[in-house]
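See structure below.
Just the heavy atoms: all of them, side chains too, but no hydrogens, waters or symmetry mates, feed the values below. Given the structure is predicted, the values throughout are model-derived calculations rather than measurements. Letters A, B, ... are given to chains in the order of the sequence lines, protein chains preceding strands, and every chain is numbered from 1.
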Amino acid sequence: MSFAAYKEIIEEGDTVILHIGHENMYPLTVKKGETFQTKYGALKHEDLIGIKFGSKVHATKGYMHVLHPTPELWTVNLPHRTQILYSTDISMVLMQLDLVPGNVVVESGPFSLTLSGTGSGSLSHALIRAVAPTGHLYTYEFHKQRAEKAVEEFKDHGLSDLVTVNHRDVCMDGFGLDHIADAVFLDLPRPWEAVLSAKQALKLQGGRICSFSPCIEQVQRVCEVLSESNFTDVTTMECLVRKFEVKSINMPEPDLGDMKDPHELGQGEGEGHSSDVKREQVDDNGSPQVKYAKVEGSSGWQYKHKTRKNSEMFSFRTALPPHQMPGHTGYLTFATLYSE
Amino acid sequence: MQLETTDSTIKENDQVIIKKEEHLKVMQVRKNRPFWMEKIKFTLNGLIGQPYGTTFEVKNGQMVRLSRKSSEEEKDADGTSGIDNRNLNDCRSNQKLSREEIYKMKKEGVSGESIVETLVENSSTFRTKTEFAQEKYIKKKKKKHLNVFTVLKPTTRLLCEMHYNKGPSKICNLRVDSLSQMLVYGNVRAHSKLMVVETCGGLVLGAVMEKMGGYGTVVQLYTGTAPVRQTLEAYNFPQHFYDSLHAFPLNKVNCLEEGEIIRQHNKNISEVQVKTEPLLLGNYGGKTSEQNIEDISDVPKEGVSEFELKKEETEEDTVTENENGLSSDRDVSKESETQNEENQEGKGAISCQQIAKRKLEEERNAKRQLKQQHLEKSRQILLERNMDGLLVACKLNPTPIVMSLMEYVAPSRPIVVYCQYQEPLMECFVKLRQRGGVVHLTLTETWLREYQVLPGRTRPNINMSGTGGYLLTGTTVIV
Ligand SMILES: C[S@@+](CC[C@H](N)C(=O)[O-])C[C@H]1O[C@@H](n2cnc3c(N)ncnc32)[C@H](O)[C@@H]1O
């Protein structure tokens with residue numbers, strides 16, 4: 001299995017994403033003899049082997065789809081060992097760090113990048129994709145179990161050749177890299193303590209750095225240290241995503257009683273030059289639904305309308321934002337180091 | 001080691017980004033080509049061999065390389081705290097020097113430094129300002145009148161920023177966060193095999209190609225006679241990147257199965273060619289074959305080929321939009337005019353003409369064949385029906401495009417549709433639901449806010465962008 005390339009047919013040992021329903025997915029490593037319990041009943045792993053990614057599979061009480069993993073699907077399905085970065089921030093990081101497959105800079109030796117800390121590996125998967133096939137990711141984690149778990153996961157995902165996991169405290173001991181990185185990403189509680197060794201890791205021709213911090217005080221400190229360390233173009237931003245639900249809405253029309261003749265209404269306002277408009281709204285079947293009478297009065301435009309039947313509806317399609325959504329993930333600070 | 005320097009140093013004919021304050025502009029480094037900044041004429045010759053990221057100042061018509069340190073000192077100290085400005089009236093008449101006088105000084109070649117000095121001397125309020133405010137005043141004036149700029153390597157990040165700030169309508173209002181999400185949700189990477197539909201002048205296509213690093217396949221489905229790809233030039237992609245780029249006209253998608261139609265299409269194109277070929281001669285040197293073929297199908301105007309026209313247009317609008325004192329020469333159009341005049345004169349000699357004619361004929365045939373081969377190749381790629389994804393960012397209604405191109409996407413692959421309006425994506429969402437074959441359909445919008453981070457004065461920026469467009473994403477499945 002490899003996250004790094006698509007394959008057509010599912011084999012034993014592959015990581016797959018079971019799409020059970022809207023916002024309802026599970027990651028699964030396919031092992032012969034095992035079954036997986038879903039809300040649609042039991043699914044035999046064996047039934048997945050030999051079929052195509054994207055296929056419909058049947059559990060005892062219903063069906064679901066089995067998807068090829070991508071860093072994005074992994075991010076929303078991975079086992080959390082820490083707080084993680086989500087795809088909105090991740091996409092900004094990839095763009096702002098100017099990451100490209102190694103071969104764009106193949107002339108300047110291996111493209112590489114350092115990252116700390118590894119955490120749950122959410123960002124790591126996307127970073128590896130960005131620099132593959134000729135680049136490399138160096139990732140740092142001072143928590144032993146997390147580092148080991150990450151190594152195991154990258155191996156299962158066929159990414160071992162593209163990533164090196166270091167069990168190391170980067171604030172105390174630095175990255176231990178000398179001018180080989182094109183970009184550095186920091187997701188640490190005290191990122192300013194890693195800025196100087198980040199500078200040491202970046203290529204002499206320069207590079208980009210990003211620090212992700214949930215709190216503004218961290219941003220403040222890291223920005224100061226970045227400027228002191230000759231990083232320039234320091235910018236801090238926040239990126240939030242709003243997910244919409246597409247819905248058809250039927251709004252009951254109000255019953256405002258019988259409508260007077262619009263001309264009468266116009267005169268009622270005491271206007272000599274009535275420019276009244278009568279309009280009919282027609283529904284999809286071509287039958288008039290609601291009658292509007294637009295009247296220009298002294299207080300601007302007014303609408304007087306009546307419904308034919310009390311049961312008439314104003315129907316429309318809309319995209320509803322959620323009632324509650326994440327209002328903050330973290331601040332992203334980016335900066336450039338130029339040569340010299 | 002040698003190679004290392006080539007990549008990070010500016011070379012002749014490189015497309016570079018000139019950054020002056022917050023303004024970005026793409027320029028090609030050409031020897032002896034005149035360049036204007038703040039009314040001062042100079043050439044970019046001095047850039048050649050310097051590393052990217054270098055900052056220069058223009059002094060007496062010469063570029064002087066600034067050290068990192070001194071250019072950093074020019075950095076603006078924004079902020080208003082700590083100033084007691086009760087006696088300050090914000091009024092132009094505080095400055096005795098008129099705009100015309102400043103303009104005249106610049107024209108006469110007075111250095112930015114002395115202009116700022118003169119401005120200070122002629123400011124009636126400068127002496128009444130606090131020390132902090134005086135410093136700020138000088139910095140502000142220096143920023144405006146000193147010719148300091150930095151040369152950067154074009155990247156998607158910078159190109160998107162440049163276009164979004166300059167003319168967002170030309171890139172369908174595609175903001176950098178939306179573009180970055182298109183690439184991420186499209187799972188764009190080396191060895192991808194993607195379909196791209198865009199009317200963003202090539203920005204989305206360029207971004208996709210940049211992130212694929214020359215590995216894999218891209219089929220651009222275009223409207224009109226030829227794909228528009230001006231922005232691609234700015235990327236300095238090596239030739240082999242273009243080998244993986246294919247094109248196919250959208251208006252032939254419905255009859256993709258029928259090979260005959262393609263041949264017909266080519267015939268029409270070659271008819272256009274017959275009429276216009278003489279004028280196109282000689283304008284294609286050094287361009288990629290892919291571009292050559294595409295350009296030919298456009299009817300040139302007034303003796304200037306479409307390619308040159310496009311170039312001119314882009315330059316023109318950077319000139320008109322320069323609030324920043326950046327401007328470029330018009331030598332490009334002059335060059336091509338003389339070239340065309342020479343072509344006209346050549347008609348005098350009959351035998352020469354005949355030879356030229358035969359040559360043209362051969363060239364035309366070769367080009368036509370090449371074009372046909374390319375189209376056929378694109379068609380074959382699509383007909384394999386195993387594309388790794390579809391990315392759409394255009395000003396056309398996306399639903400029909402998505403509905404007809406979906407069948408060429410393999411199962412369990414992403415579909416990413418960007419639109420600057422929400423309603424077309426709602427429609428697309430509903431149609432895809434009805435059709436089936438897509439799961440994890442998600443309609444989103446992102447919000448991007450920048451911050452000023454300064455000791456004691458950290459806050460969000462006063463202005464922010466109100467919209468970066470909408471995104472519909474999903475994953476194909478077998479029905
Ligand atoms: C928030 S998590 C990173 C999550 C990661 N970006 C992701 O998307 O999955 C931060 C990680 O950094 C590690 N860490 C904190 N300080 C460190 C240090 N000084 N050296 C190395 N790792 C450190 C923590 O153990 C933790 O796992």
For the residue pair B:H440 and A:H19, does the interplanar ring angle fall in the parallel (under 30°), tilted (30 to 60°) or perpendicular (over 60°) class?
-> perpendicular

Thinking salt bridges, do A:D98 and B:K211 make one under a 4.0 Å N-O criterion?
-> no

Can you tell which part of A:L73 gets under 4.5 Å to a heavy atom of chain B, answering side chain, backbone, both or neither?
-> side chain

When the 4.5 angstrom heavy-atom criterion is applied to B:T155 and chain A, the contacting part is side chain

Heavy-atom proximity to chain B below 4.5 Å, by part of A:E238 | both

Measure the CZ-CG distance between B:R189 and A:L99 for me, rounded to the nearest 0.5 Å.
-> 15.5 Å

Which bit of B:L183 comes within less than 4.5 Å of chain A, counting heavy atoms only: side chain, backbone, both or neither?
-> side chain

Is there any residue in residues 413-425 of chain B with a non-hydrogen atom under 4.5 Å from a non-hydrogen atom of chain A, and which ones are they?
-> B:R413, B:P414, B:Q422

Against chain B, work out which of A:E72, A:R129, A:M25 has the most heavy-atom pairs shorter than 4.5 Å and name it.
-> A:R129

When rounded to the nearest 0.5 Å, the distance separating CD of B:Q50 from OG of A:S339 is 9.5 Å

Honestly, the part of B:L472 sitting under 4.5 Å from a heavy atom of chain A is neither

Set of side chain to side chain contact (heavy atoms under 4.5 Å, CB included) partners for A:H58, sequence neighbours left out | A:K56, A:Y63

Grab the two heavy atoms, one from A:H65 and one from B:I478, that are nearest each other, plus how far apart they are.
-> NE2-O, 3.4 Å

Establish, for the pair A:R242 and B:Y470, whether the NZ or CZ atom is under 6.0 angstrom from the six-membered ring centre and no further than 45 degrees off its axis.
-> no

Region of B:L158 in contact with chain A, defined by heavy-atom distances below 4.5 Å | neither

Select one option (side chain, backbone, both, neither) describing which atoms of B:N461 are under 4.5 Å from chain A's heavy atoms.
-> neither

Relative to chain B, which segment of A:I216 carries a heavy atom at a distance below 4.5 Å: side chain, backbone, both, or neither?
-> side chain

Please name the pair of heavy atoms, one in A:Y6 and one in B:S412, separated by the smallest distance, quoted to 0.1 Å.
-> CE2-O, 4.0 Å

Pick one of side chain, backbone, both or neither for A:R208, based on which atoms fall under 4.5 Å of a heavy atom in chain B.
-> side chain

So which heavy atom on A:Q220 is nearest to which on B:L454, and how close?
-> NE2-O, 3.0 Å

Please look at A:C223 and chain B and tell me whether the side chain, the backbone, both or neither of the residue comes under 4.5 angstrom of a heavy atom of that chain.
-> side chain

Is it the side chain or the backbone of A:A319 that comes within 4.5 Å of chain B heavy atoms, both, or neither?
-> both

Go through B:T156, B:V430, B:V479 and name the one with the most non-hydrogen pairs under 4.5 angstrom from chain A.
-> B:V430

